[in-house]
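Protein chains get the first letters and strands the later ones, always in sequence-line order, with residue 1 at the start of each.
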Amino acid sequence: DPQKNRLTDLGPRHFWQYFPPVIQNNYGKWAYHDVLEPGVLAHVSETGEKVFTVRCGAARFMTVQHVREICDIADKYCDGFVRFTTRNNIEFLVDSEAKLDALKKDLQGRTFAGGSYKFPIGGTGAGLTNIVHTQGYIHCHTPATDASSMVKAVSDALFEEFQGMNLPAKVRISMACCLNMCGAVHCSDIALLGYHRKPPIIDHEVIDKVCEIPLAIAACPLGAISPDKTPEGGKTVKIKQERCMFCGNCYTMCQALPLSDKEGDGVTILAGGKISNRISMPKFSKVVVPWLPNNFPRFPEVVENVKKIFNAYAQDANKYERLGDWAERIGWEKFFEKTGLEFTEHLIDDYRLAYDTWRTSTQFKY
Amino acid sequence: DPQKNRLTDLGPRHFWQYFPPVIQNNYGKWAYHDVLEPGVLAHVSETGEKVFTVRCGAARFMTVQHVREICDIADKYCDGFVRFTTRNNIEFLVDSEAKLDALKKDLQGRTFAGGSYKFPIGGTGAGLTNIVHTQGYIHCHTPATDASSMVKAVSDALFEEFQGMNLPAKVRISMACCLNMCGAVHCSDIALLGYHRKPPIIDHEVIDKVCEIPLAIAACPLGAISPDKTPEGGKTVKIKQERCMFCGNCYTMCQALPLSDKEGDGVTILAGGKISNRISMPKFSKVVVPWLPNNFPRFPEVVENVKKIFNAYAQDANKYERLGDWAERIGWEKFFEKTGLEFTEHLIDDYRLAYDTWRTSTQFKY
Amino acid sequence: KHDIPDLEELEKGPWPSFVSDAKQGALHRRKLADDRMLIDRDGIEDMLGQLQVSFDEGETHWKHGGIVGVFGYGGGVIGRYSDLPEKYPSIAHFHTIRVNQPASKFYDSNFLRSVCDMWEYRGSGMMNLHGSTGDLVLLGTTTEQLEPVFFELTHEMGVDIGGSGSNLRTPSCCIGKARCEFACFDTQALSYELTQYYQDELHRPAFPYKFKFKFDGCPNGCVASIARSDMSFIGTWKDDIRIDQDAVKGYIAGDFIPNAGAHAGRDWGKFDIQKEVIDLCPSKCMKYEDDVLTIDNAECVRCMHCINTMPRALKPGTDTGVSILLGAKAPILDGAQMATLMIPFMKTEAPYDNIKEFIEKVWEFWMEEGRNRERLGELMQRVGMPKFLEAVELPAAPYMVKAPRENPYVLWKEEDVPGGWQRDIKEYRTRHKR
Amino acid sequence: KHDIPDLEELEKGPWPSFVSDAKQGALHRRKLADDRMLIDRDGIEDMLGQLQVSFDEGETHWKHGGIVGVFGYGGGVIGRYSDLPEKYPSIAHFHTIRVNQPASKFYDSNFLRSVCDMWEYRGSGMMNLHGSTGDLVLLGTTTEQLEPVFFELTHEMGVDIGGSGSNLRTPSCCIGKARCEFACFDTQALSYELTQYYQDELHRPAFPYKFKFKFDGCPNGCVASIARSDMSFIGTWKDDIRIDQDAVKGYIAGDFIPNAGAHAGRDWGKFDIQKEVIDLCPSKCMKYEDDVLTIDNAECVRCMHCINTMPRALKPGTDTGVSILLGAKAPILDGAQMATLMIPFMKTEAPYDNIKEFIEKVWEFWMEEGRNRERLGELMQRVGMPKFLEAVELPAAPYMVKAPRENPYVLWKEEDVPGGWQRDIKEYRTRHKR
Ligand code: SRM
Ligand code: SRM
Ligand code: SRM
Ligand code: SRM
Ligand code: SF4
Ligand code: SF4
Ligand code: SF4
Ligand code: SF4
Ligand code: SF4
Ligand code: SF4
Ligand code: SF4
Ligand code: SF4
């Protein structure tokens, strides 16, 4: 009986027990670090001790089989310890260079049956790291695109950048499959975002049974939804379609208002955001490609556009300059010129704070 | 009969007839200029001709007597020509240095019976120029303060700055007596603004007769006004006072809603705006002193606060740096520290675009 | 006539005292022969008296404006009545008349004197040189005098009155080519032409609200058009900044004072081209190497800084025209707006048909879509820039914005989306069980 | 089991293929003894099959979430059902369970293996390491298995499930002092303490909507708290940056590689302290003169750039604590928000009473004033910062804003104004005639 002796409110396990000894001993005492090569960090403590970290790319979707393999490696080289980064990379920590070399060799050799690496080393320094993402068609009910497949496609295309540190600064690519933006991708150097373009269909037959209609109406930020009656006299809603901005909030509140559609759904690309406070303040990404089709499984249009942004940045930016800082320095006029992306009216803000984005100056570049 | 032979749609007189010969001859041919001393400009043409300009401060309120005196001077030195600048200064133009000296001497000697200068020379270069302003109690029905008196008080206090060019860059002070801001003071280095702080009183007895009530209701940007009935059953309005921001737009539409009040009315100071596109883009002034009393006739509190801003800027800014650029470079924390002004919650935006002003970063100065 | 202690206090101090001027005017009127005035002799005195009361009570004593004007015009006169008419009878009526100033406000004494004479005779003898919009403002007369004043203005002085109300307001421009080496177009000529061409719009209200034109000859913005005109014309250029390398060396050598001596009051040290010009260039597109100054003009944003600082050495290009910006206004209702860049470059050649065509497109949309008392800038905000661009037939371009949108809330239209928006729930449910 | 051509395409390429992993998992499950699984054997295969159909049709095939969970908890489980249950019966139910990860996601293999074993037995064998919030996410099981899974997690693994719904979400932190020289406070300790202390808020929804804590050890922001937590804790310091002048010289001499070698892939030339550090300092408060690096710490905004670039030479000060920022969220409804600086500095010492007190003040106001589904940041926008500050008893300060307000629309309160707001029109009319 699972209800017997019920234990609740345990919270997480305490972190200390999972720290390898070298971490326990040097907690709070780290003096400096070096990125020895892409994917390999050495942290040196005030005590003189060192810890070497090997960072490996990973699909955050994993089967228990794969996790067991991670455990095996951890047991073999790392006294059983392993960690995951905030961007879903795997980190194996060892306390000597000898172990490091063996570990690296082992990791490099492991591939899946299909040929892809299981543990590609990289993701550090001025390079590209793992693309954080959300559920997509694997688990969610609101996506406008798939996540894992797009991330795989883009990561394959930029794989060298994951294993290199050739960029002016870090580039963070993030992916979310709908406007709910479960990855909080809105402050990424490059953000890929699933987006609907058709207003919800109304399931008049059931809406009154499965939804609280007033909540659905209240959910719309633009007040596009209003109460209505079916021909049979049942309660339903109507939607001013030309007012809808396809945010999906009504669907979140009411399952009788689905939005997804093969032709309507696709991908928006945003660029130039950042999180860190380094040099410039954190900033939001800006929409730079309004829409691209969901061309499964490899999203060639998305890959191509990401590369355009990526390459123009990599070639043109100054050392330490994040993508958004680069765009601001050269001016957004030049961003579009250098990346070859097209500027359309869709990229001009017309939402709440739009006025603040208008150019109230004669300063511009032809 | 004034209606006879009616002439209409003449527009202004053509400008060319009012250009002195040196201006006509060199129109569009100016090569460069020099500010010879505060208030005196020399413009040199490609043709080799020169024009010397003496700029004089003026109260833009003038009697015909004063204007006649201006005409006398123009006749004596300038072939009868004179001009006024966009900031209400008077400019006398001569075409030789000899005339210039005589003109200057004459101007400097003229004073009003009360002792003030009639034609103080100055207002050029990196100095303070004439304070543009609006009607105030002299002619308008909506002011929250008086204009001419405040401008006189501040101009007296900063008179040396008008006659000097000791500042890092131009400082433009502007004044408007209510939120209608007839001077468009919102982009000034320092702006003085009359401000009400009591919601309108409702003249229930007459409102329905003298106003179109629906227009008054629609006028309120915050929807604080709604229809109501008087005890006698007449049409009137009611006002949610705690929602009112004292903008006076309802009064503009409806005379039965006066706002002005001795204790409520006063002055707000804004700072850091600019118009020119030089170096930085034009920017709005920011509210830095939320309210000061209308202490007629010399507004000592206003003068004192203007001086604080002025002096801190004059001492601390870099060459060519406008007041707003200085504040942004040092950070607004330091602006308040260096000027000694108090920061209060009133200075934090809570209007439409407020979010864009919030500090979404850990970058700040203690 | 009245006791005005606070005002007399304002006679002190060096700055020209409007009180002293008013008192000299009052004195003059006292002495004036009766047949030299058609309105009350002591208007100035009553104005001062009422002003003192306003100080005492901390409130204005002018009534809410009344609708007065000249026949056939919807603007140019602001009605004004005292709310203390018994106490100050000479200013019981105190209307102002806005006289359309000549472009950039050059005058000759003949004209000004004739205004003075007329205004002494038919008005209070008080005026503003000038009003904030740019008019020559005649302050205070009675309703009966309005028509005669208008008659004299038009018939004797050959000048019209300016704008007020929901119409085109009196345009205004900087001194431009008349006395400024930076001017990129004839500000006076364009201002004059548009004022004349749109006389009907100026005098006979047909707009949702007021509309202002202002003309700045270059991005320095001496008439502040970017802050206060619904349509702001600012001179600019397309080609390269002209450089006189010898003059550059002259500045470096100290032969010429930087910024034309505008900082003469203080010792800022020797001129340093790197620190004072190159480092301050907002687009960092200048270089001084091997005694040569170079500018990467494709990167230049034409901010004027280098030109202002070294006017003998640098000049705007020669392929000049205007940028057109739209929508500036004061804070009422939704907060102040500055004008937004809509047209980066347009040639300015008489008769300016290209410009007129654009103006009329904008007006057409505004007159169609604008609500009562909605300024152009507010309309632009309300409908959103993308829709506005469509209406005035401008292609979207990055120079219209500081940055692209941060939110992904694109308002796609039905025709943008293959298959359109009309979908069938039944068909959907064949694929997706409830 | 199903034909998945598009998915098999995704096995190609170097990046770890989730499809290959899924296939290996599927294969393993095929071979697994019956008594080693309590849910359908071919869940992974059905998942892949449904995914292929989603690609074909360009639409998801998951139904709108259902409300399922474990007894007494309001979150931690996301209900999920296929809308093609006949075709993919093994994933007809496919709920996820969010397991509260240990702070900064260090594990040992014992723990992970026991999760694997349990999840192979009672679930699909698929998971996410990790979810976006930070949980270890177990993907896909049936409703019946929820309680047994919870039982095993708590009883055998000693771990609880995380947040979902309108409650506190699983907190998350950067690696901090465990392996980073920049950490200004114990991110793990604070994260753990608050997670434990607020277990009730985490499991039993009483909030208007979700609420997230995240902990970054320094302004580099490695857990992105500023973009995605209603309350963001970011390490900072109050005193001076520590400088090791010898190490500075070491960098200049080329003994140490700048930025710890993070730019090793490309030749950026010799390290230039002026260009790479001093000129890039956002507050321009550094100087290198006479072989000595000095920092004007009063001007420093603690951006981390110089420290990141020369980690051997520069270190944060020793008087450390956190800045607290409020209100980040994703775009729904009114656009995304980043967190706003509310408390510049607070000490971080166990048991963190100062921090808890502030948290509770914020929650109290939010629970009182927040509308249904209104995030903290949205509430702050709705009521306005001044009112919010009053409610949470913080004094207004310039560091809360980028700049003071541009509009003069101050909402004065009645008590601010002498004489109050109640006025008498009769009394007013004694002074002002209509
Ligand atoms: C491991 C990890 C923390 C964790 O708890 O897991 C981490 C670890 C380190 N970060 Fe980070 N950061 C980690 C996510 C982040 C994130 C969050 C994100 O990307 O979602 C950011 C904010 C990114 C942004 O601004 O958009 C981040 C911004 C930084 C920065 C600032 C970089 C910048 O140029 O703006 C530094 C400083 C630096 O790189 O010199 C930094 C520096 C570091 C250092 C050097 C800190 C140290 O001394 O150990 C660590 C190794 C860096 C490296 O990868 O070369 N870390 N770092 C995260 C690794 C993610 C990954 O797998 O790739
Ligand atoms: C006469 C006048 C134009 C007119 O049509 O009447 C004028 C005339 C000149 N302006 Fe101006 N400006 C005039 C109002 C303005 C204004 C409008 C205002 O203040 O309301 C501005 C915008 C101010 C702002 O940004 O807030 C203005 C911003 C400039 C600038 C940019 C200064 C800056 O540092 O941002 C320059 C360039 C310079 O000073 O080197 C400039 C330069 C000049 C030059 C040097 C142009 C030239 O080559 O002749 C003229 C003499 C400057 C001087 O005073 O030292 N003028 N100038 C206006 C005199 C007003 C007065 O009586 O004081
Ligand atoms: C006379 C003048 C002020 C002055 O002392 O110079 C003036 C005076 C008045 N303005 Fe103005 N405005 C004057 C220039 C301006 C300017 C400046 C400009 O044109 O460059 C502005 C700001 C720019 C703008 O247009 O936004 C200005 C923005 C307003 C507004 C706010 C409009 C808005 O959209 O925010 C109002 C309110 C309204 O229209 O109802 C207003 C309304 C008024 C009224 C008619 C009062 C009212 O509430 O109806 C004032 C009559 C005062 C009187 O009794 O004489 N006045 N007004 C200026 C016209 C003189 C002239 O023709 O030269
Ligand atoms: C599982 C996860 C995505 C993932 O693949 O990792 C997720 C999945 C869902 N999120 Fe999320 N969110 C997840 C992290 C986030 C984050 C990131 C974070 O927490 O750092 C955000 C952005 C930050 C924020 O909170 O604003 C996020 C912002 C949303 C929103 C928008 C909330 C808003 O105020 O804008 C919704 C919509 C809602 O709440 O109704 C949402 C709603 C959802 C729902 C419950 C769908 C819905 O409409 O009700 C998704 C369930 C998917 C499924 O079937 O599994 N999810 N969601 C993440 C939680 C895993 C974990 O616990 O570790
Ligand atoms: S981003 Fe949208 S579609 Fe993707 S997991 Fe989150 S809620 Fe689901
Ligand atoms: S999708 Fe968004 S904008 Fe469209 S109707 Fe639904 S809630 Fe409204
Ligand atoms: S600013 Fe206000 S009070 Fe002053 S003149 Fe304009 S409308 Fe009248
Ligand atoms: S003063 Fe402004 S905010 Fe107040 S009631 Fe009138 S229109 Fe509304
Ligand atoms: S705006 Fe330009 S052209 Fe016009 S006066 Fe000013 S500096 Fe000269
Ligand atoms: S005009 Fe301005 S942007 Fe152009 S080169 Fe000169 S300083 Fe630079
Ligand atoms: S946020 Fe700062 S303390 Fe935490 S891991 Fe990143 S660099 Fe280190
Ligand atoms: S931390 Fe940033 S602001 Fe402070 S001194 Fe270093 S670079 Fe400058």
Side-chain angles (χ1 to χ4, degrees), chain A residues 2 7 9-13 15 18 23 27-28 30 32-35 43 59-61 63-67 71 74-75 80 83-84 86 112 114 116 125-126 137 141 143 148 152 155-156 159 164-166 181-184 186-187 221 249 255 260 262 275-279 282 294 296-297 319, chain D residues 6 9-11 13-18 20-21 25 28 54-55 58-60 62 64 100 102-103 105-106 108-109 112 116 120 125 128 132 147-148 151 154 159-160 177-178 181 188 195-196 199 219-221 223-224 227-228 260-263 265-266 268 303-305 311-312 330 332-333 336:
Chain A
L7 288 174
D9 295 346
L10 295 184
R13 295 283 292 265
F15 53 90
Y18 297 128
I23 296 294
Y27 188 81
W30 300 105
Y32 64 87
H33 73 283
D34 278 309
V35 190
H43 283 80
R60 67 162 205 171
F61 170 98
T63 63
V64 294
Q65 283 306 94
H66 192 60
V67 178
C71 292
D75 285 344
R83 86 171 282 264
F84 297 84
T86 58
F112 283 112
S116 63
Y137 294 159
H141 63 281
S148 314
K152 165 76 173 143
S155 302
D156 279 344
F159 188 70
M165 303 193 295
N166 309 319
M181 275 203 193
C182 291
H186 52 268
C187 301
N249 200 44
Q255 59 188 91
S260 59
K262 188 182 180 120
I275 298 288
S276 84
N277 290 278
R278 184 180 192 169
I279 305 178
N294 277 336
F296 306 105
K319 192 175 176 189
Chain D
D6 284 345
E9 217 291 320
L10 291 173
E11 293 197 82
W15 186 256
S17 170
F18 70 99
S20 297
D21 187 2
H28 173 76
S54 299
F55 284 7
E59 286 167 7
T60 187
W62 297 111
H64 203 280
N100 196 330
K105 303 180 191 126
F106 277 87
D108 66 18
S109 50
L112 283 179
C116 290
E120 182 164 287
N128 285 147
S132 294
E147 285 296 341
F151 185 90
T154 48
V159 69
D160 207 337
K177 286 187 188 279
E181 67 269 33
Q188 288 91 2
T195 312
Q196 295 294 348
Q199 279 291 301
N220 280 333
V223 78
R228 54 197 190 113
H263 297 75
R266 182 154 146 196
W268 289 94
C303 82
M304 296 296 296
H305 174 61
R312 289 179 193 235
I332 307 295
L333 306 176

- Item | Aromatic ring proximity, centroids under 6.0 angstrom, A/Phe296 and D/Phe55 |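 Centroid distance D/Phe55-A/Phe296: below 6.0 Å, so yes.
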
- A/Tyr32 and A/His43 aromatic centres sub-6.0 Å: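 Centroid distance A/Tyr32-A/His43: not below 6.0 Å, so no.
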
Sort out for me which of [options] touches chain A most, counting heavy-atom pairs under 4.5 Å.
options: D/Gly25, D/Ser54, D/Pro311; result: D/Ser54
options: D/Val223, D/Thr195, D/Leu112, D/Leu10; result: D/Leu10
options: D/Glu11, D/Gln196, D/Arg312, D/Arg228; result: D/Arg312
options: D/Ala227, D/Gly13, D/Pro16; result: D/Pro16
options: D/Asn220, D/Asp6, D/Asn128; result: D/Asn128
options: D/Pro219, D/Ala224, D/Ala178; result: D/Ala178

Considering only heavy atoms and a distance below 4.5 Å, find which of [options] pairs most often with chain D.
options: A/Gly114, A/Pro12, A/Ala74; value: A/Pro12
options: A/Pro143, A/Gly11, A/Gly80, A/Gly28; value: A/Gly11
options: A/Met181, A/Arg13, A/Arg83; value: A/Arg83
options: A/Met165, A/Lys262, A/Arg278, A/Gln65; value: A/Arg278
options: A/Gly125, A/Ser155, A/Ala59, A/Cys182; value: A/Ser155
options: A/Cys187, A/Ala126, A/Ser116, A/Ser260; value: A/Ser116

- Query: So, A/Gln255 versus A/His141: side-chain donor-acceptor pair below 3.5 Å or not?
  - Reply: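 No pair is found: no donor N or O on one side chain lies under 3.5 Å from an acceptor on the other.
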
- Polar contact flag, side-chain donor to acceptor under 3.5 angstrom, D/Glu59-A/Tyr137: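 There is no such pair between these side chains.
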
- Query: Are D/Gln188 and A/Tyr27 close enough, and set up right, to give a side-chain contact (heavy atoms from CB on, under 4.5 Å), and what steps lead you there?
  - Reply: CA-CA 11 Å; D/Gln188 288 91 2; A/Tyr27 188 81; 2.8 Å; yes

- Message: Using the rule given for side-chain contact (heavy atoms from CB on, under 4.5 Å), can you reason through D/Lys105 versus A/Phe15, listing the C-alpha separation, both sets of side-chain angles and the distance that settles it, and then say yes or no?
- Response: CA-CA 8 Å; D/Lys105 303 180 191 126; A/Phe15 53 90; over 6 Å; no

- Heavy-atom distance under 4.5 Å to chain D: side chain of A/His186, backbone, both or neither?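 Just the side chain, heavy atoms under 4.5 Å.
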
- Run the side-chain contact (heavy atoms from CB on, under 4.5 Å) check on D/Ser132 and A/Arg60 step by step: do they pass? CA-CA 10 Å; D/Ser132 294; A/Arg60 67 162 205 171; 4.1 Å; yes

- Task: Under the side-chain contact (heavy atoms from CB on, under 4.5 Å) rule, collect the residues that match up with A/Ile279, sequence neighbours excluded.
- Result: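 So A/Ile279 forms a side-chain contact (heavy atoms from CB on, under 4.5 Å) with A/Tyr320, D/Leu280, D/His305.
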
- Item | Test side-chain contact (heavy atoms from CB on, under 4.5 Å) applied to D/Leu333 - qualifying residues, sequence neighbours left out |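 D/Leu333: side-chain contact (heavy atoms from CB on, under 4.5 Å) contacts with A/Pro221, A/Asn249, D/Glu378.
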
- Message: Using heavy-atom distances under 4.5 Å, tell me whether D/His263 contacts chain A through its side chain, its backbone, both, or neither.
- Response: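 Both backbone and side chain of D/His263 come within 4.5 Å of chain A.
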
